[in-house]
Amino acid sequence: MAVWALGINHHTAPLDLRGRFAFALDQIAPTLHGLRESLANGSGRHPGVETAIISTCNRTEIYCAAPTSTPGPALAHTLDWLAHSGGVSPALLRSHSYSLENSLVARHAFRVASGLDSMVLGEAQILGQMKDAVRAAEGAGALGTTLNQLFQRSFAVAKEVRTSTDIGAHSISMAAAAVRLASQLFEDLSQIRVLFVGAGEMIELCTTHFAAKNPRQITIANRTLERGEKLATRLGGEVMRLADLPDHLHEYDAVISCTASSLPIIGLGAVERALKKRRHRPMFMVDLAVPRDIEPEVQQLQDVYLYTVDDLASVVQTAQAHRQAAVAQAEAIIDAGVQNFMHWMELRSPAAQDGGVVPLIQQLNTQTDAWRALEIARAKKRLAKGEDIDTVLEALSRGLTQKMLHGTMAELRAGDAEARARTAQAVSRLFLRSQSKTPGNGL
């Protein structure tokens, strides 16, 4: 098996180019279907490819796995397909994208899940977004054993990074950065009216941070009133239909927008009319959406302070010195995770199969399952007779231990001195080494 990945992110591509390749969660399944169909029927024919797409404000990444030793042609086809889907030339996409194979894919996925590749170093939101993407791929029937292992190990590594290091301890979220910027424009945030456009996860985070400043008014404008009302009720705010936004825009000092719309929903004309009604009192606007929710020309207006996700980058990149030690610790955890994943890949290779490693593991699992089932059956019978539970558990554990060590003990007592010495070394290596917690070692 080989794995490969193709992607663009905030390091390699400008916001407007990233917007061409943004896929909403409900678009993932049909998009994966189209990609797999293209790989199966296109030049080179690559049927049965496992695929997954991660698409957020800061990145769009395609992960693939297939039984091939040369993923290069399939990777090139993936790039051509993605370029076509975004309406750009393959040459332009290639100049702003990155492609990875095998161990580099694992390292990248582990770093992304751990928040090391995020605009906000150590942020946790990306982990939930990756889990959503994996569920979408699984629901679309595009996820196989290899990619499932890759992502499950990514989640396990991310959990270890977050629990074992301080990677997220000093990070500033995009929502907190928006509040900080607003504080620079308005002397007292308790005197401003704030309009939130959308009701998704990012808007929820922003409302929480702004609500802590007790603004004069909070309003949620959303396409679906029910979801907007739910969020507004929690905040003690008001709700507005998205269609009514242009008529009320002038009432708000701050506008934070993040929807899944494929086209801008706040245009230059609407903002110009709002400024006129406000008699050119300043407006603070944050567009966290990819593609943009607010037309970029708005930024040229004299009394508007418009920030995009990329503009917030300098604000959130703080306290780097405090996090360098945590980054080093996280990278060490990721290194171990990559080694474990590549070892798992090697065990599934034809060479490992031919060498008898995998069949032997399967036989061991079968044998130990049989022993376990036998001892559990015996324990249930003794419990049914009314025997003391501690006595039964003691007998169960002793029975399992004796069965598992019987062959080893017999070998240690058999053969000549040289054979016993070799067996003793093997037993010490297998049974007496320190136990390490390594997630996902099963086949």
Side-chain angles (χ1 to χ4, degrees), residues 10-11 14-16 18-19 56-58 115 118-126 168 170-221 231 235 237 245 249-259 264-266 268 270-271 274-275 278 280-320 322-323:
H10 58 287
H11 297 302
L15 187 151
D16 288 327
R18 298 201 308 273
T56 72
C57 293
N58 293 327
S118 296
M119 183 180 288
V120 182
L121 182 64
E123 58 95 5
Q125 189 180 11
I126 183 61
H170 305 284
S171 65
I172 298 176
S173 69
M174 301 291 275
V179 173
R180 180 174 293 188
L181 286 171
S183 299
Q184 293 174 5
L185 180 62
F186 301 109
E187 187 174 335
D188 185 359
L189 293 186
S190 68
Q191 298 303 310
I192 69 170
R193 292 179 170 88
V194 188
L195 172 64
F196 296 96
V197 184
E201 184 179 359
M202 181 58 77
I203 288 295
E204 285 193 41
L205 289 172
C206 289
T207 57
T208 301
H209 281 77
F210 272 92
K213 300 296 182 180
N214 297 310
R216 179 180 293 182
Q217 180 182 344
I218 287 179
T219 301
I220 310 296
L231 181 56
L235 297 164
L245 188 150
L249 190 59
H250 66 281
E251 300 171 10
Y252 298 94
D253 306 293
V255 179
I256 293 87
S257 186
C258 187
T259 75
I265 56 178
I266 300 177
L268 176 63
V271 180
L275 285 173
R278 289 173 62 81
H280 292 274
R281 284 183 291 116
M283 289 184 73
F284 173 77
M285 306 185 83
V286 178
D287 186 352
L288 295 172
V290 179
R292 295 175 189 258
D293 276 347
I294 304 173
E295 288 185 345
E297 292 80 8
V298 170
Q299 200 156 24
Q300 305 305 317
L301 297 176
Q302 186 174 356
D303 299 300
V304 172
Y305 298 82
L306 172 61
Y307 299 89
T308 67
V309 285
D310 288 356
D311 295 326
L312 294 180
S314 59
V315 181
V316 301
Q317 297 301 330
T318 58
Q320 289 284 9
H322 294 285
R323 285 177 280 171

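Just so we're clear, the structure is a prediction, and the values are computed from it rather than from any experiment.
By the side-chain contact (heavy atoms from CB on, under 4.5 Å) test, A175 pairs with S173, L205, C206, H209, sequence neighbours left out. Taking D311 as the reference, nothing meets the salt bridge (charged side-chain N to carboxylate O under 4.0 Å, His left out) condition, with sequence neighbours excluded. In this structure D188 satisfies the side-chain hydrogen bond (donor to acceptor under 3.5 Å, both in side chains) test together with S190, sequence neighbours excluded. In terms of the side-chain hydrogen bond (donor to acceptor under 3.5 Å, both in side chains) criterion, E201 has no residue partners (sequence neighbours excluded).
The salt bridge (Lys or Arg N to Asp or Glu O under 4.0 Å) contacts involving residues 293-305 comprise nothing, where partners must be two or more places apart or lie in separate chains.
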Donor-acceptor list for residues 191-199 side chains, cut-off 3.5 Å, not counting sequence neighbours:
residue, atom, partner, partner atom, Å
Q191, OE1, R216, NH2, 2.8
R193, NE, Q217, OE1, 3.1

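Atoms OG1 and CG, on T308 and L15 in that order, are 5.0 Å from each other to the nearest 0.5 Å. Taken to the nearest 0.5 Å, the CD atom of Q125 stands 9.0 Å off from the CG atom of N58. With rounding to the nearest 0.5 Å, the separation of CD1 in I220 from CG in L231 is 4.0 Å. Here L181 contributes atom CG and Y307 contributes atom OH; the two are 5.0 Å apart, rounded to the nearest 0.5 Å. A distance of 5.5 Å separates CG in L301 from CG in L268, rounded to the nearest 0.5 Å.
Smallest separation of non-hydrogen atoms from S257 and I203: C-CD1, 4.2 Å. The heavy-atom pair separating H10 from S118 by the smallest distance is NE2-C, 3.7 Å. Nearest heavy-atom pair across L249 and A270 is CD2-O, 3.9 Å. The two residues C258 and A289 come nearest to each other via the heavy atoms CA-CB, 4.1 Å. Residues F284 and A178 approach most closely at CZ-O, 3.4 Å, considering heavy atoms.
Residues L312 and L288 have side chains in contact (heavy-atom distance under 4.5 Å, counting atoms from C-beta outward). Contact of the M174 side chain with the M119 side chain is registered, since non-hydrogen atoms from C-beta on lie closer than 4.5 Å. You'll find the side chain of D310 reaches within 4.5 Å of the side chain of R18, heavy atoms only. Side-chain contact between I265 and L245 is absent, with no heavy atoms from C-beta onward closer than 4.5 Å.
The backbone N or O of Q184 sits nowhere less than 3.5 Å from a side-chain atom of R180 that would complete a donor-acceptor pair. Here the side chain of R278 pairs a donor or acceptor atom with the backbone of H250 at under 3.5 angstrom.
A 6.0 Å sphere centred on OH of Y305 holds no more than 12 heavy atoms belonging to other residues, nucleotides or ligands.
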Could you walk me through whether F210 and I256 pass the side-chain contact (heavy atoms from CB on, under 4.5 Å) test, one step at a time?
CA-CA 10 Å; F210 272 92; I256 293 87; 3.9 Å; yes
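Partner of T56 under the side-chain contact (heavy atoms from CB on, under 4.5 Å) criterion, chosen from V290, V309, I126: I126.
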